[in-house]
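What follows is a set of notes on a single structure, which appears directly below.
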Amino acid sequence: MTVWPRRSPGGCPTGRGRLTPHPLRHFCASHLYARGVGLEAVGALLGHRWLSTTAQYVHVPTERIEQCWQQANDRLTGRLLGPGP
């Protein structure tokens, strides 16, 4: 079964043009990562040797970046100020 010569009714998951293997890899990698699969596991599924290659495939939503930033900030604040009253 080939995927790339056909157009899906809603278009490509990326919203641009036809569905080819390359955007499909980006789409799958991003959705796996967004649902909690670790970057190392996504890289293994894609057959990547280097984590930096996998990072190019994964789109990280701004909300996720902000959430991680806040969690790291909370941990650091807790370490610097100690336990609250």
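What you are looking at is a predicted structure, and each value in this text was computed from that prediction instead of being measured. Values reported hereafter were calculated over all heavy atoms of this structure, with side chains retained and with hydrogens, waters and symmetry mates removed.
The two residues V42 and Y33 come nearest to each other via the heavy atoms CG2-N, 4.3 Å.
L76 is not listed as a side-chain neighbour of D74, based on a closest heavy-atom distance of 4.5 Å or more.
F27 and V60 fall into different hydrophobic clusters, where Ile, Leu, Val, Met, Phe, Trp and Tyr are joined by side-chain heavy atoms under 4.5 Å apart, directly or via other members. Linking Ile, Leu, Val, Met, Phe, Trp and Tyr residues whenever their side-chain heavy atoms come within less than 4.5 Å places L46 and L39 in a single cluster. Under the 4.5 Å side-chain heavy-atom criterion for ILVMFWY residues, no single connected hydrophobic cluster contains both W69 and V58.
Qualifying side-chain contact (heavy atoms from CB on, under 4.5 Å) partners for N73, counting only residues two or more places apart in sequence or in other chains: Q70, T77.
The side-chain hydrogen bond (donor to acceptor under 3.5 Å, both in side chains) pairs that include a residue from residues 35-44 are H31-R35, where partners are two or more places apart or lie in different chains. Within the structure, the side-chain hydrogen bond (donor to acceptor under 3.5 Å, both in side chains) test picks out the following pairs touching residues 49-68 (sequence neighbours left out): H48-T54.
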